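In what follows, every heavy atom counts, from backbone to side chain, and hydrogens, waters and symmetry copies are set aside. All figures in this text were calculated on a predicted structure; none of them were measured in a lab. We name chains A, B, ... by the order of the sequence lines, and we start the count at 1 in each one.
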Amino acid sequence: MIQSKAKKIRRQLTFVAGLLVCLFFVFFPFAWMLSTSLKSISEIWSRHPTWIPKNPIFRNYLDIWKMYPLGRYFLNSAIVALTTSICAVILASLAAYGFSRFNFKGKKTGLIFILMTQMFPEALIIVPYFIILVKLKLYDTYPGLIIVYTCLILPFSVWILYGYFKNIPIEIEESAILDGCSRLGIFYHVILPLGMPGISATIIYSCLLAWNEYIFALCFTASWEMYTVPVGIASFMAQYRIPWNHTMAAGIVSILPVLILFLFLEKYLIKGLTAGAIKE
Amino acid sequence: MIEKSRKTRIWLVVLMFIISTFGYGMAVRAEQKTLRWMDYTLGEEPVGSVLRAQAEKFMEQHPDIQLKLDPVRYDAVLTKFTTQTAAGVAPDIVLLTSENIAPSSAGLVNLEPWIDKEGGDKFAEMYWEKGLQDLSYDGTRYAIPEHFVIHLLFYNTTMFKDAALEPGKPPKTWQEFLTYTKKLTVDVDKDGLTDQWGYGLIGKGVGGLQRFLPWLHSNRASLLSEDKTRAVFNEPNGLEAFKFHVELFTKHHVTPPGTPTADYPTVLAQFCQERVSMFIGGSYVSDIILEQNPELEGRYGICEIPVKEQKAAMGRAVGYAISSQSDYPEEAWEFVKYLTNTENQEEYFKRTHFIPAQKAAFDTPELQPGGTFYAFQEVIPYLVKFPVIEEWGEVAKTLCDAYEAALMESKTPRKALDDAAHVVNRILSR
Amino acid sequence: MYSKVLNKLKTKNEYIAYFFIFPTIFVLLIIFIFPMFYNIYLSFRSVMADFSSRFIGLENYKEALRDPLVWLAFKNTFVFTLSATALHLLVGLGIALFLHQSFKGRKTLRMIMLSPWIVSMVVAGSIWRWMYDPFGLMNETLIGLGVIDNYYPWLSTAHLAMPAVIVAYTWKGYPFVMIILLASLQAVPEVEYEAAVVDGASTFQKFRYITLPHIKFMFLIAALLAIITNFKLFTLLRIVTDGGPANATEVLSLHIYRQSFEFIRYGYAAAIAVLMFLVSLGLGIFYTKVFSR
């Protein structure tokens with residue numbers, strides 16, 4: 001009796017300990033970000049950094065919008081992210097459907113090819129992309145970035161959706177065909193609604209990529225009016241001074257839109273990501 | 001399932017959204033003449049604000065000209081300019097440091113005919129000769145100087161007093177420098193940990209290299225041979241200077257931990273935190289110091305770099321060049337002249353304390369004998385700077401690696417320099 | 001009746017299939033194959049700043065194979081990839097196992113544990129670089145806790161910089177592995193656990209004989225994806241150390257970028273990139289062969 005109670009307490013203690021370790025591990029950089037974002041420049045560099053700022057400067061969160069064109073960066077990132085995810089969903093779901101429902105010549109090659117493209121280091125494709133964009137007069141424009149990001153996210157999206165679509169039972173399509181539906185109609189009315197989790201996962205991934213991506217945005221934009229959020233925040237760190245407080249404040253603010261999107265679509269994320277793959 | 005018509009409407013909206021995005025992205029450029037202005041100082045404060053205000057006024061005076069500001073990072077200027085030039089989308093006006101002129105020269109407008117049109121020598125004489133020289137390559141002037149970056153030694157007078165050193169007598173020789181820094185490296189709060197160091201040595205990157213350069217030249221050594229075909233920094237004089245510098249950290253411990261990767265903002269912050277007593281910086285730093293630690297006002301001095309055999313200080317001009325791809329070179333030239341005209345130069349110095357390039361702007365008391373910044377003017381005859389070669393990017397990285405390696409003691413100073421010389425010679429002989 | 005419909009679904013479809021996959025494949029061909037071949041083309045040439053070039057055969061490759069920096073970059077990349085992957089898997093598995101138990105607030109905790117993934121590499125890199133400053137949070141905390149006795153120069157000591165970056169990256173990257181493993185843990189049939197309890201199995205035995213075999217497949221998939229991603233990681237390293245100090249963390253992706261954009265040697269960089277791709281391809285093939293499904 002006593003033994004099992006002791007065991008129970010030990011279990012609970014290990015559980016709580018584990019919980020605290022997890023939370024601490026995840027949170028302390030965020031906490032430090034928050035702390036730094038509320039300090040003045042002179043306090044950041046004080047001799048003994050403290051967790052709680054002496055005089056919290058909430059104005060930092062206003063200043064970042066006034067002193068830097070952060071609003072413009074957000075707008076750019078939003079436009080690029082939204083359009084990228086729409087394009088990626090359209091192209092990837094079409095392709096995933098094709099791969100999952102049909103057996104055709106070159107299917108296996110196609111799938112392997114898609115996986116292989118994941119291995120391309122960015123450094124390998126920056127210069128060629130750069131030349132293509134310039135030749136097409138898409139350098140330093142929205143479509144330029146959108147096209148690049150769509151291409152980057154396409155392989156992974158196809159993979160996720162392929163796995164997900166494969167698990168949609170073919171019987172549903174059969175009854176749709178019996179009802180006189182065309183192929184495209186099946187795709188549109190049956191597969192898409194059922195594949196929402198996978199599609200949500202694709203949307204999240206595309207938005208995440210477009211919102212957070214740095215190196216391509218850095219190389220393919222020329223003026224501050226086209227900078228995306230990561231490039232913009234990185235540009236805060238100048239040659240003579242690094243305004244950590246503004247950088248951290250902007251960093252925190254930049255997480256919010258993605259966080260909101262995440263909260264909405266989170267329940268689809270895990271299902272969409274692995275439902276198909278597990279069955280393999 | 002949503003009914004067909006509503007779904008169709010949704011798709012239509014989506015389609016329109018995509019089309020409008022693409023359309024907006026490829027929007028027709030304004031009827032105005034657009035000049036793209038690439039300038040790394042636009043991202044700094046207070047310089048950025050000053051320049052933006054000046055640009056506003058210019059656009060008011062020239063309603064048909066639209067300026068597009070491009071605040072690249074300092075270390076990305078050369079990269080962005082050369083790649084954009086190669087791609088045919090170069091900015092119209094670009095701020096270049098002297099060592100970036102050579103690698104970029106193929107894409108820059110030769111300014112000689114433009115200067116001649118303005119009156120040739122009469123125009124050029126407005127600026128310090130050194131400024132125009134710094135921004136030339138192969139005898140051709142490519143940029144009009146806007147300011148000089150000159151580095152001198154800053155020191156904390158309160159710490160001097162606390163260490164029983166006279167604030168009016170900063171170190172003049174290497175030996176004195178060593179003695180001073182040792183005295184200034186103390187454990188202030190007596191907790192067993194050193195928390196104040198004599199010198200804030202910048203180990204990282206080109207910034208660190210820049211501050212080492214005057215020490216090298218002070219010992220009658222240099223980085224490359226006269227004809228710039230081989231490395232000579234590993235010769236005895238160079239090695240001696242290098243060893244002295246590196247040993248400040250590795251042997252005498254008069255610089256703080258983290259020196260090998262300490263960059264300019266870090267050391268500047270350490271000076272403001274009153275963790276280091278001395279550092280090498282430029283004139284514009286005074287505003288940043290006051291921003292980070294207002295209590296330091298009046299408690300620091302500026303003096304020349306300590307001497308071994310001869311006086312030396314790092315300094316070179318930074319100026320505006322025009323791209324040969326510019327659609328509006330005349331308008332670009334107008335803007336360049338405007339930014340570097342006397343009135344703007346005076347304002348520029350007053351609000352940012354960058355050393356101006358126009359002689360007329362030196363009429364202010366701060367730059368006259370007795371003024372806070374006179375030391376910067378005094379040292380102009382002894383200025384040294386990086387060699388102007390096309391492969392500077394790669395050579396610089398090799399030297400920086402050697403510097404960091406020696407500071408981390410993963411190589412001895414001698415080996416670091418010899419290895420670097422080997423690589424540099426290989427680069428130069430390509 | 002059904003078989004007829006099935007046949008209809010399956011036969012008259014070669015062309016329709018192509019219609020579905022065509023846009024994607026077209027895009028990928030143009031945007032992956034073309035750059036790939038263009039890059040290979042560049043690697044056999046000496047390319048100037050204005051993209052003019054001349055053919056020089058295998059010179060770039062010969063130089064790359066002789067260049068100690070390139071070998072160092074390979075070594076650093078391997079060390080980084082293997083250590084980071086191992087750490088991600090360990091941490092990811094640990095947290096996934098923890099989150100797999102049922103307790104109140106589990107869904108919220110799951111969201112919280114996913115959060116480092118949402119942050120951009122730029123922001124994550126900046127905060128970690130700031131924390132690793134010799135007078136920054138890391139040292140202050142560790143000194144305060146009595147773990148270390150002096151200011152450790154994390155990012156300016158050759159043998160500390162790599163581990164430091166790997167820790168920072170682990171914080172950022174474990175959610176990806178965690179999610180995959182969590183999903184696969186949820187697919188393990190409860191009945192087996194119940195049967196094991198009846199048989200008197202310990203926690204460890206349950207893990208070893210039930211959990212592991214079931215998640216083995218996804219674990220290997222996660223590992224493969226992690227290896228591929230970590231091998232080419234760029235942004236985080238660029239922000240935190242930029243290859244420093246003195247090339248201690250100079251990985252291939254950084255080095256290729258540097259050669260291209262800082263030294264303006266596009267041809268040489270292209271050659272190194274091709275080598276890097278071949279190695280990662282080889283790794284991928286080797287991995288799938290060894291752990292063939």
Could you tell me which portion of B:Thr79 (side chain, backbone, both or neither) has an atom closer than 4.5 angstrom to a non-hydrogen atom of chain A? neither
Would you compute the distance between atom [atom1] of [X] and atom [atom2] of [Y] and round it to the nearest 0.5 angstrom?
{"X": "B:Gln84", "Y": "A:Phe130", "atom1": "CD", "atom2": "CZ", "value": "6.0 Å"}
{"X": "A:Thr221", "Y": "B:Lys80", "atom1": "OG1", "atom2": "NZ", "value": "5.0 Å"}
{"X": "B:Asp70", "Y": "A:Glu225", "atom1": "CG", "atom2": "CD", "value": "9.0 Å"}

Whatever's closer than 4.5 Å to a heavy atom in chain B on A:Tyr68 counts as neither
Go through the atoms of A:Ile242 and report whether side chain, backbone, both or neither lie under 4.5 Å from a heavy atom of chain B. both
Heavy-atom neighbours of B:Arg52 CZ exceed 12 at 6.0 Å: yes
Look at [options] and state which one has the largest set of heavy-atom pairs under 4.5 Å with chain A.
{"options": "B:Leu268, B:Ile288, B:Val285", "answer": "B:Ile288"}
{"options": "B:Thr83, B:Thr266, B:Asn293", "answer": "B:Thr83"}
{"options": "B:Val89, B:Thr41, B:Asp263", "answer": "B:Val89"}
{"options": "B:Gly48, B:Ser49, B:Cys272, B:Ala269", "answer": "B:Ala269"}
{"options": "B:Tyr284, B:Tyr264, B:Tyr40", "answer": "B:Tyr284"}

Taking the side chain from A:Trp224 and the backbone from B:Leu69, do they hold a donor-acceptor pair closer than 3.5 Å? yes
